[in-house]
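Letters A, B, ... mirror the listed sequences (proteins, then strands); counts begin at 1.
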Amino acid sequence: MDIPSRYNPKDTEDKWYKIWEEKDLFSAKPDPAKKPFSIVMPPPNVTGILHMGHALNNTIQDILIRYHRMKGERSLWMPGTDHAGIATQNVVERSIAKGGLKRQDLGRDKFIKKVWEWKEQYGSTITRQLRKLGASCDWARARFTMDEEYSRAVIEVFVRLYEKDLIYRGNYIINWCPRCQTALSDEEAPHHEIQGNLYYLKYPLKPGQFPMGTAPEFIVVATTRPETMLGDTAVAVNPKDKRYKKLVGKILILPLVNKEIKIIADSMVDMEFGTGAVKVTPAHDPNDYALGKKHGLEFVNVLDPRGGMNENAGNYKGLDRFEARKVILENLEGKGLLEKIEPHTLSAGHCYRCHTIIEPYFSEQWFVKMQPLAKPAIEAVKKGKIKFFPKRWTKVYLNWMDNIQDWCISRQIWWGHRLPVYYCKDCCNQGKKGIIVSRLKPEKCPDCGSADIYQDADVLDTWFSSWLWPFAAFYWPEGLSLKACLPAGRGAAPKEDLKYFYPTSVLVTAPEIIFFWVARMIMAGMEFMKDIPFKDVYIHGTVRDIEGKKMSKSLGNVIDPLDIINEYGVDALRFSLISITAQGQDIFLSKERFEQGRNFANKIWNASRFILMNLDQGLSLEEAVPKENSNIINRWILSRLHSTLKEVSKDLDTYKFNEAANTLYGFFWHEFCDWYLEIIKPDIKNRENQAVMYTVLEECLKLLHPFMPFVTEEIWQRIREQGTAPAGDSIMIQPWPHIQARMIDKKLEKHTQCLFDVITQIRNLRGSIEIKPEQAVKVSIYAHSKAKHSLLKDNARIIDNLARLESLEFLVSSQRPGATISAIAEDIDIYLHFTGLLDLAGEQHKIEEKISNTEKIIRSKGPRMENAEFIKKAPKEIIDKEKESLVKLNAELARLRKMADELR
RNA sequence: GGGCGGUUGGCGCAAUUGGUUAGCGCGCUUGAUUUACAUUCAAGAGGUUACAGGUUCAAGUCCUGUACCGCCCACCA
C-alpha cells in the first residue's frame with residue numbers, strides 16, 4: 001500500500017478541483033421535482049485579492065452549498081464580481097500614473113477602455129483564489145455587474161424609479177471626497193474620531209449699531225474648520241441666550257472677507273457649546289445648510305472639487321483646505337481676531353475607499369427617495385419572512401430602516417453605469433427643464449425636437465447595481481418572461497432560472513455590509529420582484545488579529561489565506577476558521593490556529609490509511625447493521641455515529657458551523673480513532689468489525705466533506721481505487737448520510753462508557769505507581785451490578801489489551817485483595833496487584849482525598865432532597881435524577897470508606 | 001448622546017428552553033517511539049464563571065446596577 005504517512009495537501013487540491021470542474025459538478029440545473037437551494041455570493045470587488053474575511057465568508061457558503069447538494073437539493077452557488085467603481089478607478093489611475101498619465105489626459109472613452117483592459121488582465125485574480133479555497137460555485141453563471149445585460153437591469157431600475165418619482169435631482173449638502181473627487185453616500189463616509197482643535201474667532205460688530213460702550217466689539221464663534229469662515233453668511237445664537245439677545249438682527253463684519261453678515265437667532269443653537277454663537281456656512285455644513293434654507297441665507301461655496309479654495313475664497317484661492325486653514329489662522333491672529341485654540345476631539349466623515357477626510361459639500365446630485373422603498377422591506381423582516389442569524393441584527397436593521405435617509409447615487413467618476421439621464425441643450429438654455437430619463441439615448445428632445453442632446457456625465461453608485469444582485473444576476477427583467485433562450489449545453493445559464501432559484505435561500509455576509517447591501521437588496525427585491533431576495537441572512541463575525549484589531553495592511557497584522565493554504569493546506573484553513581467561528585462572534589486569529597486543522601486533516605488521512613491497509617474487498621455493508629447479538633463495541637460506535645450525524649445536521653441547519661465542526665472532530669478523533677480503532681485492532685479481520693469500521697469511515701468522510709472537501713475526496717477515491725467500494729464520480733455528489741434514529745441508543749452509549757472508564761482508571765493506577773508501560777499487571781474487579789459485571793466480563797479481552805493486563809480477575813465479594821491499590825469507576829471497584837513495596841500512606845491519602853471530595857458533593861446536594869420546596873416544585877425528572885445521583889454518590893462514599901478501612 | 005456585543009482555568013472559546021460534579025482546543029506537567037499517525041498516544045494539574053445586589057426549590061444562564069474591553073449609529077459647530 002503506497003499511502004504516505006503524511007497528508008500532503010498539494011497532491012490533492014488542484015487535482016480534485018480541476019476534476020470537479022471538468023465533470024461539471026458545480027453546475028445546478030433547475031428541476032421542478034427537486035427542492036432548490038441557492039446562494040448568491042456577495043460579489044467581491046473585481047480588484048479584490050483574497051483576505052481572511054473572504055476565506056471565512058466563502059467557506060461558510062461552500063459548506064452550506066455542499067451540504068445541501070449532498071442532501072439532494074438543486075444547490076446553486078452563484079458567483080460574480082463587482083465592478084467597484086471608485087476602487088477600480090483608483091487602481092487603474094494608479095497604474096497609468098506610473099506612465100505619468102492622469103485619466104484626464106486619456107479622456108473618458110480611452111480611460112474606460114483601459115479599465116476594461118485592466119479587468120481582462122487582472123480581474124480574475126479573486127475568482128482564481130476562490131477556486132483555491134475550494135469554492136464550488138457554478139462558474140459558468142458568473143456575472144459581472146458591468147456586463148451588458150446586468151447593466152440593462154441597472155438602467156431599467158433607474159428609469160422605473162424615476163417614473164415612480166422615487167428618484168430626483170437636487171442641490172444638497174453631500175459628502176465629498178476631495179481625493180476621489182466624487183460625492184459619496186452617508187454609508188460611504190463613516191465617521192471616525194480625530195484629534196482637532198476648537199478655534200475661537202472674533203467677528204467684529206459693524207460700528208455704529210450701538211452707542212459707544214453699550215455693546216461688545218466682537219462676537220466670538222467657535223469652529224473646528226476655520227477655513228470655512230470665508231463662506232460664512234451669518235452667525236447664529238439661541239433666541240433664549242441672554243448674552244446675545246440685543247445683538248440679534250445686528251450686522252457683523254466677516255473678517256478677511258470684509259463682508260456684512262447678520263446675527264440670526266435659532267433654537268437649533270446649543271447655548272452650552274463653545275461661546276453659544278455659531279458661524280453659519282450653509283454651503284459647507286449640513287446644519288448650517290438647514291439654517292441657511294430656513295433663514296434665506298446666501299450659499300457661498302468656497303471649495304473646489306479637489307478640496308482647495310476656489311475663487312470665492314479671494315486671496316486664498318488655490319490653497320489646499322488645510323493650508324488655507326493655517327494661513328487664515330495666521331492672518332486672523334495678525335489682526336488680533338483669534339481669541340484662543342482649544343484641543344478638541346471631533347468625529348469627521350472619512351472616505352471609505354481612500355480614508356481622506358470628507359468635506360460636506362453643496363452640490364447638485366441625484367437621490368433615491370428611500371422611505372417608500374423601506375416600508376415593505378421593514379414589513380418583510382417584521383413578519384419573519386426574512387430572518388437574521390444571529391437574531392440581534394434584526395434590530396440593527398430595523399433601526400436603520402426606520403431612520404432611513406435618501407440615498408445619494410450619483411458619482412463624479414467615470415467607471416460605472418452612466419446615469420440614463422439626458423439633457424436637451426436647447427431646453428436647458430431656455431431655462432426649461434430639458435431632462436430626459438430614458439432606457440435608450442433619445443434621438444431628439446420630446447419637447448422641442450432638438451437633436452442637441454447629451455448624456456449626464458455622472459455614473460451610479462456601485463451599490464446601485466449591487467442591490468439588484470439576487471435577481472439581476474439571473475437576467476432580470478427578461479428572466480421573468482423568457483423561456484430558455486441561451487444556447488443549451490454546458491455552461492448555459494437559462495434565463496428562466498430566476499423563477500426557480502429566486503428567492504434565494506440564504507445570504508451570508510459580514511455585519512458592516514448590512515446597510516450598504518443587505519437592507520438595500522431587501523428593498524430592491526420587494527420593489528422589483530415583489531418578493532424577498534433571501535429567506536435567511538447569516539451574519540458572521542469580523543476576522544481580527546489575536547489582539548482584536550481588524551486586519552489591515554497598514555497595521556501589518558494580516559494573515560494571508562494563501563500563505564496558510566501553502567503552508568497548512570486549504571482543508572486546514574477551512575476547518576480551523578470554521579471551528580473557531582462561534583455564531584456571530586468576531587474571530588481572533590493567529591497563525592498557530594491553523595495547526596489544529598492541519599493536524600486533523602492528517603489524522604483523517606492516517607486513520608483512513610490504517611483502515612485501507614486492513615480492509616478486505618467486497619464487504620457486505622449489511623454486516624454493519626447491528627443485531628441483538630452484535631458486539632457491543634460495534635453497536636456503540638454506530639450509535640455514536642448516528643448521534644453525531646444527527647447533531648451535525650442540526651447544527652448545519654441552524655448555522656452553528658463551529659459546533660458541527662467540533663462535534664465531528666471529537667467523534668472522529670477521540671471516539672472513533674482513540675477508542676474504537678484501538679479496541680478492534682486485534683480483531684480487525686473480523687467481518688463485522690470490517691463492515692462497521694468501513695461504514696463509520698465512509699459516513700464520516702461524507703459528513704466532513706463540506707468542511708474539508710479535498711482530503712475527503714482523495715480518501716474516498718482511494719477506497720474506490722482499491723476496489724473496496726463500487727466506483728463513483730465524486731464524494732461531492734454522494735447522498736448525505738441518512739439519520740437512522742433506531743441506531744441511536746443513548747442507554748447503550750452510557751453503559752459502554754463504563755468500560756472505557758475502567759480502562760482509564762487502571763491506566764491511572766499504573767501511572768500513579770509508575771509501572772512501566774511494557775509491564776503487564778494483575779487486576780481484580782468487583783462490579784456492584786449484574787449488568788456491569790457482564791459488560792466487563794464479556795469484554796475482558798479489551799480491558800486486557802488496552803490496559804495491558806497480565807490477568808483480570810472477577811471478584812465474588814467486595815473484599816479488597818491483599819497487596820493492591822484501588823480505584824473506582826461508577827459502581828465498579830478496581831484493584832491493581834502490586835508486588836513491590838506498597839506506599840500505604842500514599843494510597844491512604846489518595847482515598848481520603850476522594851472521600852472528602854465526594855462528601856463535599858454530597859453536602860452540596862444533600863439538603864436539596866430534604867427541601868420540601870424542591871420536592872414540590874421541581875419537575876419529576878429532575879428529582880429522580882437527583883435522587884439517583886445521590887444514591888450513587890452515597891454508595892461510592894461507602895465503598896471508598898470501606899477501602900480506606902481495609903488499608904488500615 | 002443612543003444602541004449592540006463581550007468579560008468563564010495561562011491563552012482562545014463552548015455550555016439547547018435556568019436542572020447531574022462547567023466542557024473543548026492550544027499551552028503546561030509526567031510517561032511512551034518496530035507495531036496507521038510525534039501533525040501521535042496515555043495519564044495528569046489547572047476554574048468559588050468580572051464585581052455588587054435580586055428573582056427562583058435551583059443561576060455561567062433570568063432581572064437591576066457597577067467596572068473594564070470592543071463594535072455600530074447620531075447634524076456637539
- Message: Please report the distance separating the C1' of B/rU29 from the corresponding atom of B/rG10, rounded so that it comes out in whole Å.
- Response: 14 Å

- Task: Starting from P on B/rA58, measure out to NZ on A/Lys876 and report it in whole angstrom.
- Result: 22 Å

- In whole angstrom, give me the gap between the C1' atoms of B/rA67 and B/rG44. 37 Å

- Query: Can you list the stems that include RNA chain B, where a stem is three or more consecutive Watson-Crick or G-U pairs with distances under 3.5 Å?
  - Reply: B:1-7 with B:67-73, B:10-13 with B:23-26, B:28-32 with B:40-44, B:50-54 with B:62-66

- When all nucleic acid strands are considered with a 4.0 Å heavy-atom cut-off, which category describes A/Lys872: base, sugar-phosphate, or nothing? nothing

- Flag the pair A/Lys650 and A/Glu659 as a salt bridge only when some basic side-chain nitrogen lies within less than 4.0 angstrom of an acidic carboxylate oxygen. no

- Just call it for A/Phe600: base, sugar-phosphate, or nothing, with non-hydrogen atoms closer than 4.0 Å on any strand. nothing

- Query: A/Ile514 near the nucleic acid: base, sugar-phosphate alone, or nothing, with a heavy-atom cut-off under 4.0 Å?
  - Reply: nothing

- Between B/rA45 and B/rG25, how far apart are the P atoms? Round to whole Å, please. 15 Å

- Query: How would you label the contact of A/Arg763 with the nucleic acid (heavy atoms, under 4.0 Å): base, sugar-phosphate, or nothing?
  - Reply: sugar-phosphate

- Item | For atom CG of A/Asp757 and atom P of B/rG44, their distance in whole Å | 11 Å

- Can a cation-pi geometry be assigned to A/Arg640 and A/Trp675, taking NZ or CZ under 6.0 Å from the six-membered ring centre and within 45° of the ring axis? no

- Any side-chain donor-acceptor pair under 3.5 Å between A/Asp757 and A/Gln753? yes

- Query: B/rC37 P sits how many Å from A/Arg609 CZ, rounded?
  - Reply: 6 Å

- Quick one: does A/Lys681 reach the base of B/rA36 with a side-chain donor-acceptor pair under 3.5 Å? yes

- Span that lies between the P atom of B/rG54 and that of B/rU16, in whole angstrom: 26 Å

- Note on the structure: Which of A/Asp288, A/Asp285, A/Asp232 passes salt bridge (charged side-chain N to carboxylate O under 4.0 Å, His left out) with A/Lys279? Answer is A/Asp232

- In whole angstroms, how far is the C1' atom of B/rU35 from the CD1 atom of A/Ile684? 12 Å

- Message: Work out how far the P atom of B/rG3 is from that of B/rC63, and round it to whole angstrom.
- Response: 15 Å

- Span that lies between the P atom of B/rU21 and that of B/rU49, in whole angstrom: 14 Å

- Task: Would you mind classifying the nucleic acid contact of A/Val278 as base, sugar-phosphate or nothing, using non-hydrogen atoms under 4.0 angstrom?
- Result: base

- Between A/Asn801 and A/Lys681, does any side-chain donor sit less than 3.5 Å from a side-chain acceptor? no

- Message: Any donor-acceptor pair under 3.5 Å linking the side-chain atoms of A/Glu671 with those of A/Tyr676?
- Response: no

- Could you measure between the two P atoms, the one in B/rC4 and the one in B/rC11, and give it in whole Å? 29 Å

